[in-house]
Amino acid sequence: MSCRRTAARLACAMAMLISPWLAQRAQAQTLTMRAALSRALAASPRLTAAERDVGIATGQRIQAGALLNPELSYEQDNSFGSGVYRGTKSAETTLQISQAFELSGKREARIAAGAAGMEIATIQRKAIRLEVLSETAIAFLSVLGAQRRIQILDEQIAAIDRLTPLLHRRVEAGASSPAETGRAEVASALVKADRERFKATLASARRELAVLMGDPMAKFGEVSGRLDTTGRPPTFQSVVAAIDANPQLVRWTAVYAQRNAELLMARLKPYPDVRIAAGWRHFNETNDDAVRLTVSVPIPVFDQNQGNVLSAQESLAKTKAEREANRNTLIVIAGRAYDSLQGSLRELSVLRETAIPKATEAADAISQGYGQGRFTLLEVLDAQASVTQARLREQEALQNFHAGVATIEGLVGNPFALARESAR
């Protein structure tokens, strides 16, 4: 018994020691774009709601094809009166079953409307899936971009700190003023302040990405990917042409079919249906039996369903305008994203061909010359700041490029090939 207690205590102790290690390990896991997209699809409540909409539409489609239920009735006449009709001696009892039959294709029109509604829900689920992928990709890119900016600022801080020993030697040799030490400290502090601002941005971006993946707070470490690669985007005309394949626009075909079926239903409603009944009647007075047959047809004199027909006509005519408005909105969104990524490419070209190489070359030359006493500390710090600003601009342009790609790929309905490969 004591051995069991000892083993249990050891197990508890091991669990207490291992649990923090496992938690820290889980916290340090690196997140890739592919994993983020997969987790977002699995955890998205919007996608779950869209799947339930498909189930709702499926139920409505099943119900649309249901036949009308028959009716069973019992009648008793000539009873509980006075004279010869006192009691039930002269009663006539009838047991009858009746069935209504829909004519003129009403059931078929209902089924068509239900099937179109099911197709609308299915296509809408695809549209929401693309939206979730696009939002997650852009959130991932925001985290990755913030990480890179912080790394660049860390490198600038390290570069300033490397100047400190040389600066002290120059001060001791009388080649520099002691005030320059404070100037270097101020420059380092300002960069650290910028880093803290980017850390706050990173925290917000991480939280947004975590929420998209179904977590209230970030449970991942860093995100990994490549922002430095770019690709040539297609022409904007091809983007506009591909937008017609977006599920948001494809669903309007199903919407048109549904509203057309609803218009047919409204037009068919005034046409009368037939109710046929058959029953058995018993006459207590003579103890005789007889068969009772009934055929009834409503007469559509007062209600021709004209209001519903007009409403359905207007709803059908409205479909084309709604689709065009939806398409125009998508084109505007795609245009903004396309202009952003094209502008980012031009900005990257200037930065990579001129700004970054020249700034790096000048910073290296000034740093070497500072050790030889040919440049001041202010010139060194200014050169380093120029390199940092150019690199930060490069990261911002890269993030904007890939965000634009993710937006466009979400609109045209294609997988995130370029964005995923670039940020892998």
Side-chain angles (χ1 to χ4, degrees), residues 24-25 27-31 141-207 209 218 220-229 347-348 350-400 423:
Q24 188 176 10
R25 181 182 178 87
Q27 183 74 16
Q29 286 182 346
T30 301
L31 182 69
L141 293 168
S142 297
V143 175
L144 186 58
Q147 285 182 180
R148 296 294 171 82
R149 291 183 180 90
I150 292 174
Q151 292 173 2
I152 292 171
L153 293 176
D154 285 339
E155 292 172 5
Q156 185 183 6
I157 293 171
I160 296 174
D161 292 341
R162 285 195 297 269
L163 288 174
T164 303
L166 178 59
L167 179 59
H168 285 308
R169 288 197 299 269
R170 287 174 60 88
V171 171
E172 291 174 358
S176 297
S177 168
E180 289 192 346
T181 304
R183 179 175 292 175
E185 293 175 353
V186 170
S188 178
L190 290 175
V191 179
K192 290 177 181 178
D194 289 338
R195 183 181 60 183
E196 293 303 317
R197 185 173 72 251
F198 280 116
K199 283 184 177 180
T201 301
L202 175 61
S204 298
R206 284 170 56 84
R207 185 179 299 107
L209 180 59
F220 54 89
E222 291 187 344
V223 301
S224 64
R226 294 182 58 191
L227 283 175
D228 55 342
T229 58
E347 184 178 1
L348 285 170
V350 173
L351 290 170
R352 289 176 170 178
E353 293 177 6
T354 305
I356 294 178
K358 295 296 183 181
T360 304
E361 181 182 350
D364 292 341
I366 292 174
S367 295
Q368 293 176 2
Y370 178 70
Q372 301 170 1
R374 293 188 290 112
F375 296 101
T376 65
L377 176 64
L378 182 60
E379 290 173 310
V380 174
L381 296 176
D382 184 63
Q384 290 180 352
S386 297
V387 174
T388 299
Q389 291 303 314
R391 293 179 62 193
L392 290 175
R393 288 282 298 273
E394 180 190 27
Q395 290 302 315
E396 182 181 2
L398 285 168
Q399 180 180 331
N400 291 339

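These figures come from a predicted structure and were not determined experimentally.
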| Is the side chain of R206 donor-acceptor paired with the backbone N or O of F220 at a distance under 3.5 Å, no angle test? | yes
| query | So T30 and E222, side-chain hydrogen bond (donor to acceptor under 3.5 Å, both in side chains) or not? Walk me through it. | reply | CA-CA 5 Å; T30 301; E222 291 187 344; 5.9 Å; no
| Do the side chains of K192 and I160 get nearer than 4.5 Å, heavy atoms only? | no
| remark: Taken to the nearest 0.5 Å, the spacing of L398 CG from D228 CG works out to 7.0 Å
| remark: Between S367 and Q384 the two heavy atoms that sit nearest each other are OG-NE2, 4.5 Å
| field | Sidechain N-carboxylate O distance under 4.0 Å for R391, E394 | value | no
| query | For E396, does its backbone N or O pair with a side-chain atom of N400 as donor and acceptor, under 3.5 Å? | reply | yes
| note | One should read off an interatomic distance between S386 OG and I366 CD1, to the nearest 0.5 angstrom, of 8.0 Å
| query | Nearest heavy-atom pair of R352 and P357: which atoms, and what distance? | reply | O-CG, 3.1 Å
| message | Does either side chain, that of Q151 or that of R195, offer a donor lying less than 3.5 Å from an acceptor on the other one? | response | no
| query | Shortest non-hydrogen contact from Q156 to A385? | reply | NE2-CA, 3.6 Å
| Ignoring hydrogens and geometry, is there a side-chain-to-backbone donor-acceptor pair from S188 to A184 under 3.5 Å? | no
| field | R148 CZ to L141 CG distance, which is reported to the nearest 0.5 Å | value | 10.5 Å
| query | Measuring from L153:CG to L392:CG, what's the distance to the nearest 0.5 Å? | reply | 5.0 Å
| note | To the nearest 0.5 Å, atom CD of Q389 lies from atom CG of D382 at 10.5 Å
| Short question: side chain of Q147, backbone of V223 - any donor-acceptor pair under 3.5 Å? | yes
| task | Going by the side chain to side chain contact (heavy atoms under 4.5 Å, CB included) test, name the single residue among T388, V387, V191 that passes it with I152. | result | T388
| task | Determine the minimum heavy-atom distance between I356 and A390, stating which atoms define it. | result | CG1-CB, 3.8 Å
